[in-house]
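In what follows, every chain begins at residue 1, and chains take the letters A, B, ... in the order their sequences are listed. These numbers were taken from a predicted model, which means no experiment stands behind them.
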Amino acid sequence: MKTTETRVKQNPTSTDVVPYQPEVVEAKWQARWAERRTNEPDLDRAQRPFYNLMMFPYPSAEGLHVGNMFAFTGSDVYGRFKRLQGYDVFEPIGFDAFGIHSENYAIKLGINPAELIPQNIVNFRRQLRNIGGMFDWRHELSTTDPKYYKWTQWLFLQLLKAGKAYKKAAAVNWCPRDQTVLANEQVIDGRCERCGATVEQRTLEQWFFRITEYADRLLADLDDKTKMDWSESTTLAQRNWLGRSEGAELVFNGAGVTPREARGPKSNGPEIKVFTTRPDTVFGATFMVLAPEHPLVDAFTTPDCRAEVEAYRQSMASKDLVSRKVGEREKTGVFTGGYAVNPATGNPVPVWIADYVLMEYGTGAIMAVPGHDQRDFEFARKFGLDVVEVVRPPDSSGDEGLSPRAQRGGGASPADVPVEAAYVDNERGVLVNSGQFDGLKVPEAKRAITAWLAERGAGKAIVNYRLHDWCISRQRYWGPPIPVIYCDEHGAVPVPEKDLPVLLPLIDDFQPDDSGVSPLARHEEWYYVPCPVCGRRSRRETDVSDTFLDSAWYYLRYPSTEFDDRPFDQERTRKWLPVTTYIGGNEHAVLHLLYSRFVSMVLHELGLLHFDEPFKKFRAHGHIVKDGAKMSKSRGNVVVPDEYIQRWGADTFRMYLMFLGPFQEGGDFRDDGVSGPRRFLDKVWALVGDTIRDDNGAEINHAVQVKRHQTVRKVTAGLEELHYNTSIAALMEFVNTIRAENVASREVVEDLIVMLAPFAPHFAEENWERLGKEGSIFDAEWPGWDERLTVEDTVEIAVQVSGKTRSRVTVPRGADEKTVVAAAQQDAGVRRFTEGKEVRKVVYVPNRLLNLVVG
RNA sequence: GCUCCGGUGGCGAAAUGGCAAACGCUGCGGACUUAAAAUCCGCUGGGAGUAAUCCCUUGUGGGUUCGAUUCCCACCCGGAGCACCA
């Protein structure tokens, strides 16, 4: 290509007739997009479907803040990029409007949330339009719409039918003064946030989903790259939450109430099953601990201990859930008076109860090995229980005389030996005081002892998960009623599907009160219904379902919002799902994403979905930091975007947000940087003006040509990897080069505008039109690059002497080592450091660097 | 306490084994202007020097390497998540 230069005017703005007025441009294109349905792909005939999903917002009264805008814009940039690459991009939006936040706010104002939410949604729509999102508004949804929650209820019924939903008693926080259930966040320092009364635990019957049945599959898929290409940080969080532990379930035979009876040959007492990850330490299990709620507590409690045991259980029940878990670390507990037999040693061990053992994990009972577990050690020390060493650290063999735990070999009774700390290494160490297993290393001992106990019917190797079943019951007003009817004759009867939705009645007294029943139960015309089976007067379930159930399937609904007779259309779903790219915050890395995966897995199993993992690619976005903390409503450091958009324009603001840091890491919000992107857009605006006036099919010079191909490569890669800040930097460099070289060629400027379009959509549309193009720029083609044209003919090579850069030499691209060494040795700056020294070694990196190592 | 992610100019950041500080902000100087704003041009990590140039610099200390912001080990600081998970 010839490199004739086209000279244009130096000062771009001075010659411009039409100034850049963002408010005019943005209003024009937002109206035109709506009019021409630019952002509404044909969902039935799309050739290259691309489902670009962003986590839908909860429509708060305050509106979207800058942190939310950052996230939405980043997702939108990606969607627009894919659209320009020729995909049929579906970018839906909706509102996650049920839940405790809305309800609490409504209670505060004394207005039913059903009246508040629509106003908030109006505001959210306005903000999301203003920022220029490529949303397909035809498919907007709200979880509070009966047309939506009808299918949330339907989903519950499918799970119930499939045996994946069940009812069981579980603890909740209970305020004794307000007579109502409290969410964990409503408990402040063990007190009710509204009335200040001390919160208690109460046990209620609640609905659960059997997500634990899927723990192994939920874990296995995380490693399957064909199903899930997710942010590393997110899969890690899920792994930790699932919390897989390999270990053993061991059986301790409860033999009665005295040590003497326990020693008897074969006892008939109840068995206690425990889960342990350290079966190798079973010889050191000197006592057992049951959770206070454990069903076997009564069986082990002796008459003389009963009063104390009862008192302890009472005191645990009177604590709220938060402070029981997070509260004081000082170990508490009481002795039941009962004993059980250690299956390894045959010795009786006392059975205690303590709140540091949780009913929800494992079997709700543990074998306590105080020598090798920190908590058991603290407990043993406090209550004077035996501590036995059964694993010796690998390094203690050398200084036998010094280690206090090593003195134990001398025959002293284990309890008499002072032990300063538990040795808790899960992998290293050698067994002692363990009979035939002495001398084995920990990993071997785990296998050997488990096998040995299994043979004697006292244990088996099992895998345990931290994950609990998903409690979906909420004793609240603002959610979809759980579609179940209680009949005296037939028990819990599912509402027939034809009767869905069970409408949430619009009531004035939605506030909880001291009557002790749900607000819904006070509305008799709603509460009492005929049993679907026998027709006799029955009662509705008054719990509503968890908001996470609403959001666990919304991505299935979007493509099918116009179908009233099915939750998701099979054909649409086959075409558009699983979601191609999902972007959202890592605060939902665990619950929302896990629940969504669970729902997809179950529906897949039921033959209702053709896939089991709903999100093919997931990327967690970063967070905007303000004053050293993540921007959030709860922290009170939010910045409202509206005034920025008004002052600078949406396109400038979008670019600023995307430029301030890597999208997946977030960045610091400071208003003093917004002018940079705006100045950049002004320059581009002027450049287009120059091009329109002066371009006559001018040739592009070499420098601009190289920069152009480099820029296309860099911007494309940056967008694909969500490194938007470097893409924008590359565009800025490109413009700097064009201006420095005075080449306002149409061809080059068109590429520039297309690459700018994902970031500044209205601006790009307007300039596309100024350049005389018809239709939307988003139907244009993303530019390509030629790798050969990204490089210069000559390269500058850094010349180092012993690793320090001393000079640079310019050589033809691809020059060989000999040529470069020769050039370097001519260089005075290099010679100064090599003179009189022997070059011991030469390191040459073609086209980059030469290192002469001197001796 | 455990897990993960970070720490680079005055500020946001770039470079992930090969010329540290691209791009932008701020600041300073100049041009234009009666003036200001806007715009344009130049400089802007620290130190020494008239200068060419040299020395130092990516949280701290060590290591690997011809060469380390990048890899390894230990520590310090900040952020996020989990939190008595047996």
Side-chain angles (χ1 to χ4, degrees), chain A residues 10-14 232-233 236-237 239-241 243-245 247 274-278 281 285 289 324-331 354-358 360-369 372-376 378-379 424 464-468 586-587 589-590 622-623 625 628-630 655-656 659-662 664-677 679-680 682-683 686 714 723 725-736 739 796-808 828-829 832 840-845 847-854:
Chain A
Q10 266 293 347
N11 185 337
T13 45
S14 63
E232 199 56 44
S233 58
L236 194 78
R239 243 178 227 116
N240 292 341
W241 189 264
R244 181 190 148 98
S245 309
V274 301
F275 173 71
T276 178
T277 55
R278 297 296 304 275
T281 63
V289 186
R324 170 153 175 208
K325 281 204 152 190
V326 190
E328 326 84 64
R329 276 299 141 81
E330 180 71 16
K331 295 283 175 291
D355 72 335
Y356 82 93
V357 173
L358 308 173
E360 316 91 80
Y361 185 74
T363 60
I366 61 159
M367 66 173 202
V369 184
H372 305 286
D373 181 278
Q374 190 56 35
R375 297 153 299 180
D376 297 346
E378 285 167 22
F379 194 81
V424 294
N464 200 37
Y465 290 90
R466 206 195 78 116
L467 181 74
H468 303 147
N586 243 349
E587 63 272 19
V590 177
H623 289 280
V625 167
K630 187 165 114 181
M655 287 202 85
Y656 168 66
F659 187 54
L660 101 181
Q664 290 177 86
E665 287 165 38
D668 253 38
F669 187 83
R670 255 160 237 263
D671 24 12
D672 53 11
V674 196
S675 58
R679 280 205 269 262
F680 170 69
D682 282 333
K683 283 178 200 173
K714 193 163 178 200
H723 296 163
N725 54 334
T726 59
S727 289
I728 293 172
L731 289 169
M732 286 172 168
E733 278 186 63
F734 188 30
V735 169
N736 291 346
R739 280 158 53 88
E796 201 178 55
I797 291 189
V799 183
Q800 300 183 336
V801 179
S802 298
K804 290 205 169 204
T805 305
R806 295 302 179 180
S807 188
R808 280 132 240 221
R832 199 149 29 129
R840 276 196 298 127
K841 186 172 177 183
V842 177
V843 180
Y844 178 56
V845 184
N847 301 325
R848 278 177 173 257
L849 167 138
L850 177 73
N851 188 7
L852 302 171
V853 185
V854 296

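- Checked against the 6.0 Å centroid criterion, the rings of A:Y656 and A:F680 do not qualify as a close aromatic pair.
- Considering CD of A:E232 and CZ of A:R239, their distance stands at 6.5 Å, rounded to 0.5 Å.
- Residue contacts for A:E796: at a heavy-atom cut-off of 4.0 Å it reaches a base atom on one of the strands shown.
- Only the P atoms considered, B:rG45 is 15 Å distant from B:rA20, to the nearest whole Å.
- To the nearest 0.5 angstrom, A:T277 atom OG1 is 10.0 Å from A:N464 atom CG.
- At whole-Å resolution of the value, OH in A:Y361 and C1' in B:rA83 are 14 Å apart.
- B:rA14 and B:rA51 have their P atoms separated by 35 Å, given to the nearest Å.
- Using cut-offs of 30° and 60° on the angle between ring planes, the pair A:Y361 and A:F275 is perpendicular.
- Taking the C1' atoms as reference points, B:rG17 lies 15 Å from B:rU58, given to the whole Å.
- Residue A:N586 holds its CG atom at 7.0 Å from NE2 of A:H623, rounded to the nearest 0.5 Å.
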Output one line per pair: protein atom, nucleotide atom from nucleotides 24-28 of chain B, and distance, for all N/O pairs under 3.5 Å.
unit_1, atom_1, unit_2, atom_2, d
B:rG24, OP1, A:N736, ND2, 3.3
B:rC25, OP1, A:R679, NE, 2.9
B:rC25, OP1, A:R679, NH2, 2.9
B:rC25, O2', A:D672, O, 3.0
B:rU26, OP2, A:R679, NH2, 3.0

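- No side-chain heavy atom of A:Y356 sits less than 4.5 Å from a side-chain heavy atom of A:E378.
- Comparing B:rA83, B:rG12, B:rA86 by their closest approach to the side chain of A:R466 singles out B:rA83.
- Between the CG atom in A:D373 and the CZ atom in A:R278 there is a gap of 9.0 Å [rounded to 0.5 Å].
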According to the Watson-Crick and G-U wobble definition with distances under 3.5 Å, which dot-bracket string, read 5' to 3', encodes RNA chain B, using [ ] for crossing pairs and | for pairs with another strand? (((((((..(((.....[....))).(((((.......))))).((((....))))..(((((..]....))))))))))))....
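- Residues A:D376 and A:I366 are in side-chain contact: their nearest non-hydrogen atoms beyond the backbone lie under 4.5 Å apart.
- Put simply, A:T726 has no side-chain N or O that comes within less than 4.0 Å of OP1 or OP2 on B:rA22.
- At whole-Å resolution of the value, CG in A:L731 and C1' in B:rA22 are 14 Å apart.
- Summarising the geometry, the separation between NZ on A:K331 and P on B:rA86 is reported as 14 Å, rounded to the nearest angstrom.
- Closest approach of A:V289 and A:A368 over heavy atoms only: CG2-CB, 4.4 Å.
- Contacts of A:R848 with the nucleic acid, taken as non-hydrogen atoms under 4.0 Å apart, involve only primed sugar atoms and P, OP1 or OP2.
- Residue A:N851 is in base contact, counting any heavy-atom pair closer than 4.0 Å across all strands shown.
- Distance CG (A:D682) to C1' (B:rA38): 10 Å, rounded to an integer number of Å.
- Within the 4.0 angstrom heavy-atom criterion, no nucleotide atom of any strand lies near A:D376.
- As a whole-Å value, the separation of A:F680 CZ from B:rG12 P is 23 Å.
- Within the nucleic acid shown, A:I366 comes within 4.0 Å of at least one base atom, counting heavy atoms only.
- Rounded to whole Å, the C1' atom of B:rA21 lies 24 Å from the corresponding atom of B:rG79.
- Residues A:M367 and A:T281 are in side-chain contact: their nearest non-hydrogen atoms beyond the backbone lie under 4.5 Å apart.
- The separation between A:H468 atom NE2 and B:rA83 atom C1' is 12 Å, rounded to whole Å.
- For A:K714 and B:rA14, the shortest distance from a side-chain N or O to OP1 or OP2 is not below 4.0 Å.
- Using C1' as the reference atom, B:rU53 and B:rU60 are 32 Å apart when rounded to the nearest Å.
- Straight-line distance between the C1' atoms of B:rA36 and B:rU50: roughly 39 Å, to the nearest whole Å.
- To the nearest 0.5 angstrom, A:D668 atom CG is 7.5 Å from A:L660 atom CG.
- Under 4.0 angstrom from either OP1 or OP2 of B:rC40 there lies at least one side-chain N or O belonging to A:R739.
- Rounded to a whole angstrom, the distance from the P atom of B:rG59 to that of B:rC77 is 16 Å.
- In this structure, A:R806 reaches the sugar-phosphate backbone alone: every heavy-atom distance under 4.0 Å involves primed, P, OP1 or OP2 atoms, never a base.
- In this structure, A:N240 places its CG atom 11 Å from P of B:rC82, rounding to the nearest Å.
- In this structure the side chain of A:V735 never reaches within 4.5 angstrom of the side chain of A:E733, judged on heavy atoms.
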For nucleotides 5-10 of chain B, give me every protein contact, N/O to N/O, under 3.5 Å, one pair per line with atom names.
none

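- For the P atom pair drawn from B:rU65 and B:rC72, the interatomic distance equals 16 Å after rounding to whole Å.
- With B:rC19, B:rA14, B:rC23 as the candidates, the nucleotide lying closest to the side chain of A:P662 is B:rA14.
- Because its glycosidic torsion is more than 90° from 0, B:rG63 is reported here as anti.
- A:E360 CD to A:H468 NE2: the interatomic distance, rounded to the nearest 0.5 Å, is 5.5 Å.
- Of the residues near RNA chain B, A:G661 and A:I728, the one whose nearest nucleotide (by heavy atom distance) lies more toward the 5' end is A:G661.
- The side chain of A:W241 lies closest to B:rA83 when the candidates are B:rU3, B:rA83, B:rA86.
- Rounded to an integer number of Å, the gap from CG of A:L358 to P of B:rA83 is 11 Å.
- Contact detail for A:P677 and A:M732: the closest heavy-atom pair is CA-CE, 4.5 Å.
- With a 6.0 Å cutoff to the six-membered ring centre and a 45° limit on the axis angle, A:K331 does not count as a cation-pi contact of A:F379.
- Side-chain proximity of A:Q800 to B:rG18, B:rA86, B:rA14: nearest is B:rG18.
- Residue order along RNA chain B, read from the 5' end via each residue's closest nucleotide, puts A:T805 first among A:S802 and A:T805.
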